[in-house]
Trainee: 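Got a structure for you, questions after.
Every number for a ligand or one of its atoms is a count from 1 in the order of the listing. The structure presented is a predicted model; accordingly, all values stated were derived computationally and were not measured.
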Amino acid sequence: MTPRPLIIKFHHLLYIPAPSGGWLLMIPIAKPSLGKEEISAVAKVLRSGSLVQGEKAQEFEKRFASFIGTKHAIACSNGTAALQVGLEALGIREGDEVVTTPFTFIASSNCILYNRAKPVFADIDARTFNIDPAGIEALLTPQTRAVLVVHLYGQPCDLRPVMDICRDRGLLLIEDCAQAHGAEYRGRKAGSFGDLSAFSFYATKNMTTGEGGMMMTGDDAVAEKARMIINQGQEGRYEHVVLGYNYRLTEMQAAIGSVQLRKLAAMNSKRERNAGFLTRKLSGLGWLETPYAPKGVKPVWHQYTIKVDATIRDRLFEHLNSKGVGARIYYPKPVHLQPLYRSLGYEEGICPVAEFVSRQVISLPVHPALGNGDLRRIVAAVESFRAGS
Ligand SMILES: Cc1ncc(COP(=O)(O)O)c(C=O)c1O
């Protein structure tokens, strides 16, 4: 007899064998919330025949700029491009150093390398998972040009002290908001504080265009340069003044983006409700730490990330997945320990908190498509880990 597979895939849905026989649908870690409005917005664009560089991208940019509260928004092909071009438009170049966090997705730091500058890693705060402002000053040198912060898991970092350092030392502030659409710090939207900020609209993000990104800045010259770089370095038609790229967003993507932006507040409040439910049920368990949001910070729950003892984290991960809960580890290795960065000379021990925390974290599904039954299943799966161990 052929053994039953451990997992089957059907139309992007994952199933695992149920204990009672049959199949159990896996609760995914992320699920885009797309509906009729997005479909009809795309259909309209397709019927119009205007697929690129038209009014939909402009409309999306305007709406996003007014939502975040910045003067300029420049739509581009993805969040990585937004960061890469943003740094270039700010004038970051070879010989410069940029202080940043190692506990993030690789793109936050690769954008510094793309510009042939040097990432300098500041350690994180173990409770918020974000850059610890107290560690920044000691890393500044005459070559430091900027501090690049990341609002990880949808929670703004402690911006006030970072802004003070940037002001006092004449440094640029860059915000990686790829996971923080609509998040707030002291009543203002993340993305409105930096000299430049970048958003991602990748499929798993709080709002999506499939792939997509947005650069935000209040500086006219930076905006103009960034717009030129994402469009082949053109000043006028076929007048190429700098080395540019094709990093444009399509009209189909922009049309989806405007619809998603309208739905963002509702999607984020579902995430908040789901996070609230998980915290109420899990905070009493004693063997795990639920997420911590300091006063003055309004997270948008891109991820709901708990911490457990490093010795049980991987077993908990296996257990949850075997129960049909698609838990994930973001991120199992800080950036400075990635093989690429090791090959550049970064060493273990430079950011001990990030290194330790990367062995403790585990993210549970919190996306807006979760129903009450899903939430109860997630809690039961976590509870049953300790009961069974
Ligand atoms: C923190 C962070 N920065 C940058 C990016 C890059 O965005 P994109 O995937 O749209 O290129 C991501 C996306 O996953 C991210 O999570």
Trainee: Report yes or no: is the cationic atom of R188 (NZ for Lys, CZ for Arg) closer than 6.0 Å to the six-membered ring centre of F193, at no more than 45° off its axis?
Mentor: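 So R188 does make the cation-pi contact.
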Trainee: Nearest to atom 15 (C) of ligand 1, what protein heavy atom do you find, and at what distance?
Mentor: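 It is A178 CB, 3.4 Å.
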Trainee: Which protein non-hydrogen atom lies closest to atom 13 (C) of ligand 1, naming both residue and atom, and how far is it?
Mentor: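 For this ligand atom, the closest protein heavy atom is K205 NZ, 2.9 Å.
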Trainee: Which ligand 1 atoms does T104 reach within 4.0 Å, using its non-hydrogen atoms?
Mentor: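 Taking each heavy atom of T104 in turn, ligand 1 has 1 (C) under 4.0 Å.
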Trainee: Of all the heavy atoms in E211, does at least one lie under 4.0 Å from an atom in ligand 1?
Mentor: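 No.
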Trainee: Clusters formed by hydrophobic residues whose side-chain heavy atoms approach within less than 4.5 Å: which one holds V52, and what are its other members?
Mentor: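 Listed partners: none, V52 stands alone.
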Trainee: Taking 4.0 angstrom as the limit and counting only heavy atoms of S108, give me the atoms of ligand 1 inside it, by number and element.
Mentor: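 Close to S108: 1 (C), 3 (N).
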Trainee: Tell me the protein heavy atom at minimum distance from atom 16 (O) of ligand 1, and give that distance in Å.
Mentor: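 The closest one turns out to be Q179 NE2, 2.9 Å.
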Trainee: Can you figure out which of N110, T80, T208, D176 has its heavy atom closest to atom 1 (C) of ligand 1?
Mentor: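 Selected option, by shortest heavy-atom distance: D176.
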Trainee: What are the two closest non-hydrogen atoms of E272 and W301, and how far apart are they?
Mentor: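 In this case the closest contact between E272 and W301 is CA-CD1, 3.7 Å.
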Trainee: Does K263 pair with E38 as a salt bridge, N-O distance under 4.0 Å?
Mentor: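 A salt bridge is present here (some side-chain N lies under 4.0 Å from a carboxylate O).
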Trainee: Among all residues two or more places apart in sequence or in another chain, which pass the side-chain contact (heavy atoms from CB on, under 4.5 Å) test with A203?
Mentor: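 side-chain contact (heavy atoms from CB on, under 4.5 Å) check on A203 returns T208.
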Trainee: Looking at ligand 1, does any of its N/O atoms fall within less than 3.5 Å of an N/O of G79?
Mentor: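 Yes; at least one N/O pair falls below 3.5 Å.
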Trainee: Could you tell me whether R93 atom CZ has more than 12 heavy atoms of other residues or ligands within 6.0 Å of it?
Mentor: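 12 or below, so no.
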Trainee: Please confirm whether K189 makes a cation-pi placement over F67, using NZ or CZ under 6.0 Å from the six-membered ring centre and within 45° of the ring normal.
Mentor: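 That pair qualifies as a cation-pi contact.
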Trainee: Using a strict 4.0 Å cut-off to heavy atoms of N78, name the atoms of ligand 1 that fall inside it.
Mentor: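 The atoms of ligand 1 under 4.0 Å from a heavy atom of N78 are 10 (O), 11 (O).
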Trainee: Can you list the atoms of ligand 1 that are under 4.0 Å from a heavy atom of A107?
Mentor: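 In order of number, 4 (C), 5 (C), 6 (C).
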